[in-house]
Structure formats: C-alpha cells, structure tokens
> 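My structure is below; once you've seen it, I'll send some questions.
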Amino acid sequence: MSTQAILPRILQVGEGASAQVPAILASLGCTRPLIITDKMMVELGYVGDIQRCLAEQQLKADVFDDTVPEPTVSSIEAGVDKVRNGNYDCIIALGGGSPIDSAKAIGILGKFGGEMRDYKFPRVVDQTGFPIIAIPTTAGTGSEVTRFTIITNEVNDEKMLCVGIGFMPVAALVDYSLTLSLPKRITADTGIDALTHAMEAYVSRKANPFSDSQALSAMRLIGPNLRRVYRDGADREAREAMMLGSTLAGLAFSNASVALVHGMSRPIGAAFHVPHGLSNAMLLPVVTEFSIPAAAERYSDCARAIGVASESDSTDEANRKLLEELHELNDELEVPTPELFGIDRNEFFDLMPNMAEQALHSGSPGNNPRVPTVDEMIELYRRLW
C-alpha cells in the first residue's frame, strides 16, 4: 500500500533561516505580504527584523498582531477582514502555534468566505487559500509543517479541528535562534507537545514508514534535550535540537495522525483555558499507560528512541522505564494537575462526560492503538485529578 506525504513546498532549516524570507517570497512570486503575529513578537523585535529584511529588497509588509493564545472564531475575524480588504498576495505567519493556526484559518476564510465551522472535520479542505510562509518561534506545535489548524468555537467551547492541504503552509522557515527568548513555562509546554506529537504519530493506527522515520528521529532529538532547554534556555545546541525535533514531529503527525492524548486534550483547553501543550502533558502519562497493552512493541521503541531504555531491555522493561520517565519529566518541568492549575473540581467532574463526547467526535481517539469508550475516557479524565 502506498502512502501520500504532504509537505510544505519549501522547508528552510537552521540559524538565520528567517532572514531568507525575501528570497522565499521572490521564489513564490509574491510581493505584497501581510504579517500575522501577536503583540509579543512585536515587543521582542522579531516583526521589525522581518520588516527590515523585506525593506532591504524594497518590499513592505503590513502587520496584524491581534492573534491570541488558543485562537477563537471571534479572534480571527479582524484578520479575515484585513485580508479581504487589503491588497495582499500572501501571509507571513510569525510566532508560536496560535499565530500560525490563526494565519491558516485567516488564509482560507479570507479567500473563500463562510464561517470557521463550515471547514471543520470531517470536511477535508483541499482548496488553496492565501499562500502562507510560516516562521515558528516555539519548538513545539509543528504547525509550520502540518495540514491542520485548531480554532475554538467560543459559543459551545468546542475546539474545532480543521484538516486539509489548504491549511499546509507553502513554506516553513525553521530558525532555532527565534526560540532563545522563550520563557521556561512555554519551553516546557511546547516541548512536551512536540514529544506527544512524535509518540502519537508513531503509535497511531495511521502510522506509516514515512511518518515512522520522522517520529523516531524527532524523539531522538527531543528526548535528551527537553530537560536541557528547560534548565538553560541559552543552550543553543539543545535549542537547535528541539527546534528540528519539533518540525520532524510535525511532519510525522501531519502525515499519520495524533491520537487519544490530543483528542482528550482539546476539550480541557477549550473549557478551562489550559495551554494546549500543558493539557497534553497532564494526559500523556495516564493515556500512555492505558494504551501500552495494545501497542507494547511500539511504545518500547519510543522508550529507546528518547533514550530511557536500551536495546537489551525487554519490551515490558522498556515500557516500565517509559512510564517512569513521563512522570519524572512532568515533575521536573513542573506540570500541574488540573487542581493545581486552578480548575474547580466540581466543574471538571461535571464536564467530563461532555469532554469525552467532544474528544470522541474529534476523531483522534479512533487513531489510538487502544480505542477507548466514552466511559473509559471519563475514567482517564478522573485519574488526572
């Protein structure tokens, strides 16, 4: 059976990659970019750096910097209006997963109209919107190389998964130097997000030889370096490894799928405004323990790839070490329980059935090696407390 792999047309990787944006625009025949970002990227000077690079080639870029963490339908409306009313021929998406996801949605809605819910899964969006040049500034979401975007419908607190080639950036400029300013909390949350992407892609029912190679390579980079960047954000070698690992993990899950962790994570984020990587981290140990019986060999491969088990370890021993590592990682990276995050216990427990139903409808739990029932997902949520 053949496998279709969908990738950005251009992938520029390494220190200084972001400075290549004028050459990338020229290769795409684009001259009127809109930068979609957030206010932090403006404050850090990254937006100004991109504008200066463009100005050296007599190119001007307007800026939309009103994207928000965990983007919502209402948060992207002004961006859609700006694209529709401006004379732009492409979008430069600069920032973490939220600005890039926002840009993907704005690029489709700005060109084709309609509402975000019109584009949510199970619809597959193959129409091409505004070309997107993605420049990630976190080592985590992999959004720069995926055919997904996630936008929250604030009316019902549903995180809508939108899928298709139409959401794939045409170019990704992966420059680890842009992550050197990340604070510890974001470094941890996005790093565990990337680790989750790689693990879930590898154990997914949709895994294939192409995605396996990316997932294993990602885990080999992320495993030894996540703690290093958390302890020392100026560790350039570890930052570079994490950035490449994140992109490879993005390629892996974009061409396979995510699974139960992500399916259960999205409703927590939507209902309680928990950052996506953090809710993944809360879930990863308990979901891995639940899933191992259905894919023991695959999970043991993950343990060896991240460096906590050796080739001489048995499958059971490797998986024991994997679970131990996931718990210890959460402890060192100070991942809170839902209670310590500040979530009300009664509200969390009351919403568990609804969150489980939302997780099921996202489709991601069906990709898990052990497909859960709604009751089993409710029990997994309960075990987080």
Side-chain angles (χ1 to χ4, degrees), residues 3 5-6 97 120-122 124 140-143 145-150 159-163 192-216 218-219 222 245-246 248-270 276-303 305-306 319 322-323 326 330 355-381 383-384:
T3 300
I6 301 168
K120 75 175 185 177
F121 185 80
V124 176
T141 70
S143 187
V145 292
T146 74
R147 55 192 173 91
F148 306 113
T149 191
I150 298 173
K159 281 202 169 188
M160 297 181 291
L161 174 64
C162 305
V163 179
I192 296 180
D193 192 19
L195 178 61
T196 306
H197 290 153
M199 287 182 60
E200 290 210 295
Y202 190 71
V203 303
S204 166
R205 289 171 175 257
K206 294 182 179 177
N208 55 75
F210 178 84
S211 63
D212 284 353
S213 67
Q214 310 305 309
L216 289 169
M219 284 185 273
I222 295 167
S246 170
L248 291 173
L251 289 172
F253 87 81
S254 185
N255 289 287
S257 66
V258 287
L260 183 56
V261 173
H262 275 74
M264 292 181 63
S265 175
R266 296 187 197 105
I268 294 176
H276 173 67
L278 193 57
S279 54
N280 278 351
M282 292 175 179
L283 284 157
L284 186 56
V286 69
V287 170
T288 299
E289 184 176 3
F290 170 82
S291 305
I292 281 174
E297 292 287 345
R298 287 247 147 187
Y299 278 106
S300 70
D301 289 343
C302 293
I306 66 175
N319 285 329
L322 176 63
L323 290 174
L326 295 180
N330 276 5
M355 290 195 297
E357 289 288 351
Q358 284 191 359
L360 182 69
H361 292 151
S362 75
S364 297
N367 301 324
N368 207 57
R370 181 180 176 187
V371 179
T373 64
V374 168
D375 286 343
E376 285 172 326
M377 281 190 281
I378 292 172
E379 178 57 31
L380 291 171
Y381 279 129
R383 288 179 59 189
L384 298 184

> Write down the atom of A296, the atom of N319, and the distance for their closest heavy-atom approach.
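Closest pair (atom of A296, atom of N319, distance): O-ND2, 3.0 Å.
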> Closest approach of D193 and G277, non-hydrogen atoms and distance?
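Closest heavy-atom pair between D193 and G277: CB-CA, 3.9 Å.
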> Please name all residues satisfying side chain to side chain contact (heavy atoms under 4.5 Å, CB included) with E297, sequence neighbours left out, ordered by chain then number.
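Side chain to side chain contact (heavy atoms under 4.5 Å, CB included) check on E297 returns S300, T315.
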> A side-chain contact here means heavy atoms from C-beta on lying under 4.5 Å apart; do E200 and L284 qualify?
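A side-chain contact is absent here, since even the closest heavy-atom pair is not under 4.5 Å.
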> First locate atom CG of L161, then atom NE2 of H361, and finally report the distance between them rounded to the nearest 0.5 Å.
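Answer for the CG-NE2 pair, L161 versus H361, is 14.0 Å.
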> Ignoring hydrogens and angles, tell me if any N or O in the side chain of N368 forms a donor-acceptor pair with the backbone of V371 under 3.5 Å.
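Flag not set: sc N368 to bb V371 has no pair under 3.5 Å.
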> Taking only residues two or more places apart in sequence, or in another chain, which ones meet T146 in a side chain to side chain donor-acceptor pair (under 3.5 Å)?
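Side chain to side chain donor-acceptor pair (under 3.5 Å) check on T146 returns K104.
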> Minimum heavy-atom separation for P365 and G263, please, with both atom names.
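P365 and G263 have their closest heavy atoms at CD-CA, 4.2 Å.
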> Can you name the residues that form a side chain to side chain contact (heavy atoms under 4.5 Å, CB included) with A249, not counting sequence neighbours?
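So A249 forms a side chain to side chain contact (heavy atoms under 4.5 Å, CB included) with H197, A198, A218.
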> Report the distance from atom CE of M282 to atom CG of L278, rounding to the nearest 0.5 Å.
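So the gap between those two atoms works out to 4.5 Å.
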> So F253 and T196, side chain to side chain contact (heavy atoms under 4.5 Å, CB included) or not? Walk me through it.
CA-CA 10 Å; F253 87 81; T196 306; over 6 Å; no
> Sequence neighbours excluded, which residues qualify as side chain to side chain donor-acceptor pair (under 3.5 Å) partners of S246?
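Expected list: none.
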> Which residues satisfy the side chain to side chain contact (heavy atoms under 4.5 Å, CB included) test with P285, sequence neighbours excluded?
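Scan of P285 (side chain to side chain contact (heavy atoms under 4.5 Å, CB included), adjacent residues dropped) gives L326, H327, N330.
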> For S254 versus F148, what's the shortest heavy-atom pair and its separation?
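Taking S254 first and F148 second, the nearest heavy atoms are CA-CE1, 3.6 Å.
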> Determine which pairs satisfy salt bridge (charged side-chain N to carboxylate O under 4.0 Å, His left out) with at least one residue from residues 254-265, sequence neighbours left out, and list them in order.
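For residues 254-265, and leaving out neighbouring residues, there are no salt bridge (charged side-chain N to carboxylate O under 4.0 Å, His left out) pairs at all.
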> Take L323 and T288 through the test side chain to side chain contact (heavy atoms under 4.5 Å, CB included) and record every step on the way to the result.
CA-CA 7 Å; L323 290 174; T288 299; 3.8 Å; yes
> To the nearest 0.5 Å, what is the distance between CG on L360 and CE on M264?
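Output value for this atom pair is 11.5 Å.
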> Would you call N280 and H276 a side-chain contact if the rule is heavy atoms closer than 4.5 Å?
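Touching, per the 4.5 Å side-chain cut-off.
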> Which heavy atom of I378 sits nearest a heavy atom of A356, and at what distance?
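Nearest heavy atoms, I378 then A356: CG1-CB, 3.8 Å.
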> Quick one: CD1 on I268 to NZ on K159, what's the gap to the nearest 0.5 Å?
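It is 10.0 Å, given to the nearest 0.5 Å.
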> Applying ring-ring contact (aromatic ring centres under 6.0 Å, His included), can you list everything that pairs with F290, at least two apart in sequence or on another chain?
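Here no residue qualifies.
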> Apply salt bridge (Lys or Arg N to Asp or Glu O under 4.0 Å) to E376 and list each qualifying residue two or more places apart in sequence or on a separate chain.
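Residues passing salt bridge (Lys or Arg N to Asp or Glu O under 4.0 Å) with E376: R370.
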> Applying side chain to side chain contact (heavy atoms under 4.5 Å, CB included), can you list everything that pairs with D212, at least two apart in sequence or on another chain?
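For D212, the residues satisfying side chain to side chain contact (heavy atoms under 4.5 Å, CB included) (neighbours in sequence not counted) are Y202, A207, R298.
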> What residues form a side chain to side chain donor-acceptor pair (under 3.5 Å) with T141, not counting sequence neighbours?
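Partners of T141 under the side chain to side chain donor-acceptor pair (under 3.5 Å) test: none.
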> Residues two or more places apart in sequence or in another chain: which of them pass side chain to side chain donor-acceptor pair (under 3.5 Å) with R205?
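Checked R205 against side chain to side chain donor-acceptor pair (under 3.5 Å); zero matches.
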> Just by distance, no angles: are the side chains of S204 and N367 close enough, under 3.5 Å, to form a donor-acceptor pair?
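Not at all, the side chains of S204 and N367 share no donor-acceptor pair under 3.5 Å.
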> For side chain to side chain contact (heavy atoms under 4.5 Å, CB included), just list the numbers for F121 and S362, CA-CA rounded to whole Å, side-chain angles, deciding distance to a tenth of an Å, and then say yes or no.
CA-CA 7 Å; F121 185 80; S362 75; over 6 Å; no
> Do Q214 and N255 have side chains that get closer than 4.5 Å, going by heavy atoms?
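A side-chain contact under 4.5 Å is absent here.
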> How close do A256 and R147 get, heavy atom to heavy atom, and via which atoms?
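Answer, listing the atom of A256 first, then R147: O-NH2, 4.3 Å.
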> Could you measure the distance from the CG atom of L283 to the CG atom of L260? Nearest 0.5 Å is fine.
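The CG atom of L260 is 7.5 Å from CG of L283, to the nearest 0.5 Å.
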> Let me confirm one number: the CD1-CG distance from I292 to L322, rounded to the nearest 0.5 Å.
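If we round to the nearest 0.5 Å, I292:CD1 and L322:CG are 5.5 Å apart.
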